[in-house]
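Following: one structure in structure tokens, then a few remarks.
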Protein chains: 2
Amino acid sequence: MIDTKQKILDAAEQLIGDQGYAATSLRQVIAAAGVNLAAIHYHFGSKDELLHELLVRKAGPVNEKRVELLERYAAEADGAPLPIEKVLDAFFAPMVETADANPQFVRVMGRIVVEGLLPAVVQRSFQPMFSRFVTALRRAVPHISEEEFQWRIHFMTGVIAHTLCGVPGGNFQERIDRLIRFLAGGFHAPGVRGAER
Amino acid sequence: MIDTKQKILDAAEQLIGDQGYAATSLRQVIAAAGVNLAAIHYHFGSKDELLHELLVRKAGPVNEKRVELLERYAAEADGAPLPIEKVLDAFFAPMVETADANPQFVRVMGRIVVEGLLPAVVQRSFQPMFSRFVTALRRAVPHISEEEFQWRIHFMTGVIAHTLCGVPGGNFQERIDRLIRFLAGGFHAPGVRGAER
DNA sequence: GTCTATACTGAGATAGAC
DNA sequence: GTCTATCTCAGTATAGAC
């Protein structure tokens, strides 16, 4: 069958979203997909590569929409720096759409981040998209030092990671709104000790 | 030897801090500790229990200091709600001390959180300490709804997790200061859409 | 009580027949 | 392309030596 690959991907997405990546064995995947164990290594090479292909297939279109949206906002702003909330909106809105159409994939993404596998994924596939958002954020918070900014990017990554993996129940859009408010507050904070509060 | 247990704990701390919990095999631990494989299961029962004992041994004193510090601040404030920065300071200061004396353990904690093992640990050992800090934070941000507050606690957990696991190099105290500023900004953010930025 | 030797089960990976 | 058989290594369990 030519859709053996697809069956493996579908089964893997379901299981990894439910249980996490490490907790999902390839033997569970082949049982759910109804294929042979060696088929995974034939089509993907390894468990890691299976995950990677799962991610790029689904995340690719989302990342494209993110960049598109960011550029549209930038064009509308006519050269002025975008407010943080706008940048974050461009980042999350395409994911919210995806969450409606395919909630399981969002859960997979959350698992990936929480299990510490995101850096490798970003390095391989998300880098161009991510760089543009970092640039846009930098323009939104010129009041802090570069070092402080880099740390805030780091903090933001942690929050996003932790949040995506939350309970799937509840309104996803609402959760993202709360997240954006929190992150914007963090980025707007003064860069040095003093007048906070 | 009666310090077989200690040798196992020391070796495990080193390896888990460097590689993470999942990536560290018990066979690596026994090789580094110079003991027999079954000794681990004799003294601890399982890999999970080994981790748990490692955490409570080191984190116990830190958590006690945290509560002490929080109560001292509360006494000094004479019943008034503590500002967020003060609450977070009580939480992190004891960890900074620990980080100076034992940086490896801080890395272990970070690994734990990033690998998603923290909920179980908190449930078993950190609950009383954690509850008091949540209460103190709640008093510091009365302007948001309870649901919004719970989410911000969730966001905070994610940031802390992600940050502890960062590169060990650099000034830990400075990193914590940046973290506190960011978190305070997030907690101070308005609770509903409107006037932000 | 403490520890060693050894075996059991299930994981990911691989070679080679069809 | 697919499957069978097998390899290595993980965590775990137990029997028995000191």
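Proteins get letters first, then strands, A, B, ... in listed order; numbering begins at 1 in each.
A 4.5 Å side-chain heavy-atom check between B/Phe44 and B/Leu9 finds at least one atom pair inside the cut-off. At a threshold of 4.5 Å between non-hydrogen side-chain atoms, the residues B/Ile176 and B/Leu88 do not count as touching.
A side-chain donor-acceptor contact under 3.5 Å links B/Tyr73 and B/Asp89.
In this entry the distance linking NE2 of A/His43 with C1' of C/dA13 reads 16 Å, nearest Å. In this structure, B/Lys5 places its NZ atom 12 Å from C1' of C/dT2, rounding to the nearest Å. Atom pair B/Gln19:CD and D/dC9:P shows a separation of 15 Å (rounding to whole Å applied). The distance between atom NZ of A/Lys7 and atom C1' of D/dG1, rounded to the nearest whole Å, is 13 Å. Rounded to an integer number of Å, the gap from CG of A/Leu26 to P of D/dC7 is 20 Å.
Contacts of residues 32-41 of chain B with DNA chain D (heavy atom under 4.0 Å): B/Leu37, B/Ala38, B/His41. Within residues 44-57 of chain B, no residue approaches DNA chain C, by heavy-atom distance under 4.0 Å.
Between B/Tyr42 and C/dT2, a side-chain N or O to OP1/OP2 separation shorter than 4.0 Å is present. An OP1 or OP2 oxygen of C/dG10 is reached within less than 4.0 angstrom by no side-chain nitrogen or oxygen of A/Ser25.
One hydrophobic cluster holds both B/Phe92 and B/Val108 under the rule that ILVMFWY side chains link at heavy-atom gaps under 4.5 Å.
In this structure A/Arg124 satisfies the salt bridge (charged side-chain N to carboxylate O under 4.0 Å, His left out) test together with A/Glu49, sequence neighbours excluded. Under the side-chain hydrogen bond (donor to acceptor under 3.5 Å, both in side chains) criterion, A/Glu146 pairs with A/Arg138, A/Gln150, sequence neighbours left out.
Applying the salt bridge (charged side-chain N to carboxylate O under 4.0 Å, His left out) definition to pairs two or more places apart or across chains, those involving residues 9-21 of chain B are B/Glu13-B/Lys58, B/Asp18-B/Arg107. Applying the salt bridge (charged side-chain N to carboxylate O under 4.0 Å, His left out) definition to pairs two or more places apart or across chains, those involving residues 66-83 of chain B are B/Glu71-B/Arg132.
A donor-acceptor contact under 3.5 angstrom links the side-chain atoms of B/Arg27 to the base of D/dG11.
A cation-pi arrangement is absent between B/Lys86 and B/Phe91 under the rule of less than 6.0 angstrom and at most 45 degrees off the ring axis.
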